[in-house]
Amino acid sequence: MKTWPETALPAALLAVAVAIVYWPGFSADWGRDDFNALAFVRLLDSPWPLFVQDHFHAPAAHFRPLGYAAFWLNAALFGAGFTAQAVVEWALHVGVAIALYRLIRVGVPGRGLALLCALSFAVHPGAIGPALWYSDRFGHLATLFALIAVRAAYDHRDAPRARHLAVVLAALLAALLSKELGLVAAAPITLLWWTAIVRARAPLWPALLALWGTVLLYFLWRWAVLGTPASGMTGTRPLAAMLGEGMAIWFANLPGYFGFWPRLDGIERALLSACALLLAVPLARGLRRGSGLRADVLLTGLLLALLPGLIQAPIAVFNAMPLSAQVSAVETAMQSRLYYMSLTGGALLLSVLLGPAWEAAAGRWRRLAAPAAIGLLLALALAARQTAESYRARSLEIGRTARAAVTELARHPLPAHQCRVYFIGVRHAPEWDIFVSMDAIIKALSPDLGKVAHCLVGSDSVTFMHLLPAGVAAAEGTAPYVPARRADGPAPRRQVGNVEMLYLSPPPAFTPEAWRGTLFLANEDGVFRDVSADVLSGRRVLGR
């Protein structure tokens, strides 16, 4: 068993390497889903209701209490400051890379190759992109705990100890409570322990039963909270059909996100191609020395690389696209999240395939392989740094309107009751889609949350959901807004802890009487001004 002190130097190198490529991201800005999540946890008094109530903005869709609890803790410690959140995201990504390094060391004796393979994930642009996006903290936590669980499972197989089993079960449950993706970890652990049982290497039956008992506990817990064993996101479509369609999409896009070729510039492509060809020689030697391959680690890598396609298939149906140079870095980061865990599996596979040849290599082969691997990493790092710089520039660009709205609203006195604010002329960036509302923006970024928490904030763009402290809507009503309509009737209100989620629509027709007392702020070339008098007098028509 390799100890943590032996990991200290590689961990420091991983942290520095990630910091270099991630650096522009420390001064980036919030993205899609971020505003809803941040507004929600800023309003929430305590994280404990997250573990017993349906808390996702779409009812009965996801159960991710640990991920939201992490959001809550960050908001409690750092408020709405983006840089502090980015530091946490950087640290989480570094933590995932270190956990991956420790897993790679199971099958790779030398620290040099293990570090290079861990770096291939750590500075991969497809991994740096999601690490820049606050709302993918679910995936980072799930991947971190999954890797810890799998590594501890190897330790328990080789030297069964109660402490090893405790780490496996606790880390697996933490991965599952972070994101459904954590279920991936159960597959390699099951295969690993089952193989050991069949070969009579260890009495692991109790551990295997405890493993699947933990998975069952999670699903029963999730079912009790959501009211469904599946997910409301699938709607009326058969789950089997969505899995098939989603996996086809996910696997079709996999090569693009692994290679990242469409978003590389000429220098990066040339360097990546040359180094890949040079590295193919020792890789081919490793494949020829097939007897030296660690089959258990190879299968673990395959499962980590490919099983996320099954778990994330329903999401891929709704929101997945091939990697393209035509979309922004912000959109690319959001799309890359579907392959974050898979990239750890790819790095693990690379270590297994290179291992035998690397360890046996001498003279010219080692002199060929080492520079090729370093050049490959350099190409990935250059692309990752460009990803971070582009992400920063685009997120700041599309966030200017949001921050201008918050600054302008802070200048106006707001009523303590029946507070209504309506923004005119706000056009959301394509990356935000319908999942960013002015209600969420104001409550996420406002420096004085108490001033705006009770306000219903609308705009002439879609408001997916309003967030209010519990009891405000019942005491004051929601007029002029009316409950949004679903196929089976009005959308119900939902409450999580002290926060109420309301799905509301503006009235079908505008009447000045219904909107009297509302503060109307119009966006004119990025500057907001008060147009309440014009709107309420009819001199300005309210957009819909």
Side-chain angles (χ1 to χ4, degrees), residues 1-8 11 47-48 50-52 63-70 73 91-92 94-107 137-222 224-225 296-297 299-301 303-304 307 311 341 344-345 348:
M1 175 182 173
K2 306 299 181 184
T3 62
W4 278 104
E6 292 178 292
T7 311
W48 302 118
L50 298 167
F51 293 87
V52 294
F63 180 54
R64 300 172 179 177
L66 197 59
Y68 272 101
L73 180 61
L92 274 175
V94 171
V96 172
I98 294 170
L100 173 62
Y101 169 81
R102 296 192 72 247
L103 181 56
I104 290 172
R105 285 298 305 268
V106 171
R137 184 166 301 182
F138 306 114
H140 303 153
L141 288 170
T143 303
L144 173 63
F145 288 123
L147 294 176
I148 291 172
V150 174
R151 171 57 204 254
Y154 275 94
D155 293 338
H156 190 64
R157 182 200 64 179
D158 298 335
R161 299 285 189 277
R163 66 177 184 274
H164 294 157
L165 180 59
V167 172
V168 172
L169 301 182
L172 176 62
L173 184 60
L176 290 166
L177 293 176
S178 299
K179 188 177 182 178
E180 299 79 359
L181 187 63
L183 186 61
V184 168
I189 296 173
T190 299
L191 183 62
L192 188 68
W193 288 353
W194 175 258
T195 303
I197 291 169
V198 170
R199 294 176 178 176
R201 289 179 56 185
L204 294 175
W205 271 114
L208 196 56
L209 291 174
L211 178 80
W212 282 98
T214 301
V215 173
L216 178 61
L217 170 65
Y218 161 75
F219 274 107
L220 292 175
W221 189 352
R222 183 178 183 276
V225 172
D296 53 350
V297 184
L299 289 173
T300 296
L303 291 171
L304 289 175
L307 270 186
I311 305 298
M341 180 182 282
T344 68
L348 187 58

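Nothing here was measured: the structure is a model prediction, and the numbers come from that model. Just so it is clear, the values below take in all heavy atoms, side chains as well, and ignore hydrogens, waters and symmetry mates. Positions are given from 1, in the same order as the sequence printed here.
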When you measure from the side chain of W193 to the backbone of A153, do you find a donor-acceptor pair of N or O atoms at a distance under 3.5 Å? yes
N/O donor-acceptor pairs under 3.5 Å from side chains in residues 208-221, not counting sequence neighbours:
{"residue": "W212", "atom": "NE1", "partner": "T190", "partner atom": "OG1", "Å": "2.8"}
{"residue": "T214", "atom": "OG1", "partner": "A210", "partner atom": "O", "Å": "2.9"}
{"residue": "W221", "atom": "NE1", "partner": "F51", "partner atom": "O", "Å": "2.8"}

Test side-chain contact (heavy atoms from CB on, under 4.5 Å) applied to L299 - qualifying residues, sequence neighbours left out: L191, L302
Run the numbers on L304 and L103 for side-chain contact (heavy atoms from CB on, under 4.5 Å), then give the verdict. CA-CA 12 Å; L304 289 175; L103 181 56; 4.1 Å; yes
Is D155 salt-bridged to R163, going by a charged N under 4.0 Å from an acidic O? no
Rounded to the nearest 0.5 Å, the CZ atom of R64 sits from the CZ atom of R137 at a distance of 14.0 Å
Find out whether L192 and L204 are in side-chain contact, i.e. whether some heavy atom of one side chain is under 4.5 Å from a heavy atom of the other. no
Decide yes or no for H164 and R157: does some side-chain heavy atom of the first lie under 4.5 Å from some side-chain heavy atom of the second? no
Can you give me the closest heavy-atom contact between A207 and L165, atom names plus distance? CB-CD1, 3.8 Å
With a 4.5 Å cut-off on side-chain heavy atoms, are F145 and L66 touching? yes
Could you measure the distance from the CG atom of L141 to the CG atom of L176? Nearest 0.5 Å is fine. 12.5 Å
With rounding to the nearest 0.5 angstrom, report the CZ to CZ distance, R151 to R102. 4.5 Å
Side-chain polar contacts of residues 166-175 - donor-acceptor pairs under 3.5 angstrom, sequence neighbours left out - could you list them?
none

If every non-hydrogen atom of A142 is compared with every non-hydrogen atom of L181, which pair is closest and at what distance? CB-CB, 4.5 Å
Sequence neighbours left out, what passes ring-ring contact (aromatic ring centres under 6.0 Å, His included) with F138? Give chain and number order. Y68, F71
If you round to the nearest 0.5 Å, how far is CG of L144 from CD1 of I98? 9.5 Å
So, H156 side chain and R161 main chain: donor-acceptor pair closer than 3.5 Å or not? yes
Rounding to 0.5 Å, atoms OG1 (T143) and CD1 (I148) come to a distance of 11.0 Å
Just to verify, what does T300 make a side chain to side chain donor-acceptor pair (under 3.5 Å) with, not counting sequence neighbours? Y154
Quick check: does any side chain N or O of T344 sit under 3.5 Å from a backbone N or O of M341, one acting as donor and the other as acceptor? yes
